[in-house]
Amino acid sequence: MTVIVNKSFLVFPVLLAITFTFAHGARFDVTNRCPYTVWAAAMPGGGQKLDPCQTWTLEVAAGRTRARIWGRTNCSFDGSGRGRCQTGDCGGLLRCQAYGTPPNTLAEFALNQNKNLDFFDISLIDGFNIPLDFSPTACPTSKRCRGIRCAADINGQCLNELRAPGGCNNACTVFRTDQFCCNSGKCGPTTYSRFFKTRCPDAYSYPKDDAINTFICPGGTSYKVVFCP
Ligand SMILES: *[C@@H]1O[C@H](CO)[C@@H](O)[C@H](O)[C@H]1NC(C)=O
């Protein structure tokens with residue numbers, strides 16, 4: 001009997017230590033610094049209207065979460081949270097349960113992966129609608145654990161064939177060919193991907209982007225996403 005009690009005394013703190021070491025939750029502060037309203041979205045996570053200067057705090061559950069955050073523009077929703085947005089619309093719901101419709105600038109992340117590391121990036125593979133910054137809130141611990149941003153005027157400079165209401169499409173969305181979508185696995189940069197790459201070198205411009213665009217921080221880091229940084 002005494003032995004069992006002693007064992008449980010040992011097991012409990014060990015389990016507690018494991019829980020705190022490998023299962024950090026993460027906090028994401030999503031702030032709108034645009035001069036217009038942005039309807040923030042997260043999948044998983046839902047969505048929220050953000051007037052200029054407002055912040056939405058998302059608590060992401062501990063574990064190996066993969067998710068994306070994006071902003072929607074020119075939305076209108078009724079009292080039950082149904083409606084639509086000009087960009088980034090997720091099936092007409094205020095609280096998203098699906099990914100958004102391109103074009104939308106994406107902040108993507110995978111938390112608590114191998115060796116308890118977080119991986120994150122900005123992707124223009126679904127095009128661009130709002131400039132954004134994606135940063136760890138803690139001090140950088142390495143060269144790869146730093147803030148990234150894509151804040152160029154891509155909407156204003158968008159190539160004619162990629163233009164969309166409220167945004168700028170990726171070539172894959174418009175032309176749907178292997179060359180741009182990389183469905184068969186092999187593809188290289190194009191005039192279109194270079195258009196995005198020169199303006200936002202930190203971001204993915206096409207699926208097989210050869211540059212290092214994934215950033216890495218220790219698990220348990222918290223982050224902020226800022227629209228119009
Ligand atoms: C919303 O739509 C109007 C009319 O099409 C457009 O002028 C405006 O730029 C849009 N706003 C945003 C933030 O995209």
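From a predicted model like this one, the values you see are computed outputs, not experimental measurements. For ligands, and for the atoms within them, numbers begin at 1 and follow the listed sequence.
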If you scan protein heavy atoms around atom 5 (O) of ligand 1, the nearest is Gln86 NE2, 3.9 Å
Measure the shortest side-chain to side-chain distance between Gln179 and Thr190 over non-hydrogen atoms and say whether it is less than 4.5 angstrom.
yes
Show, in sequence, the C-alpha distance, side-chain angles and deciding distance for Lys49 and Asn32, and conclude whether the side-chain hydrogen bond (donor to acceptor under 3.5 Å, both in side chains) test is met.
CA-CA 10 Å; Lys49 179 182 178 186; Asn32 178 19; over 6 Å; no
Could you tell me whether atom 11 (N) of ligand 1 has a protein heavy atom closer than 4.0 Å?
yes
Heavy-atom contacts with Asn74 under 4.0 Å: which atoms of ligand 1 show up? List them by number with element.
1 (C), 2 (O), 3 (C), 8 (C), 10 (C), 11 (N), 12 (C), 14 (O)
With under 30° as parallel and over 60° as perpendicular, where do the rings of Phe28 and Phe134 fit, or are they tilted in between?
tilted
When the ring planes of Phe175 and Phe180 are compared, do they come out parallel, tilted or perpendicular, using 30° and 60° as the limits?
tilted
Can you check whether a protein heavy atom sits less than 4.0 angstrom from atom 14 (O) of ligand 1?
yes
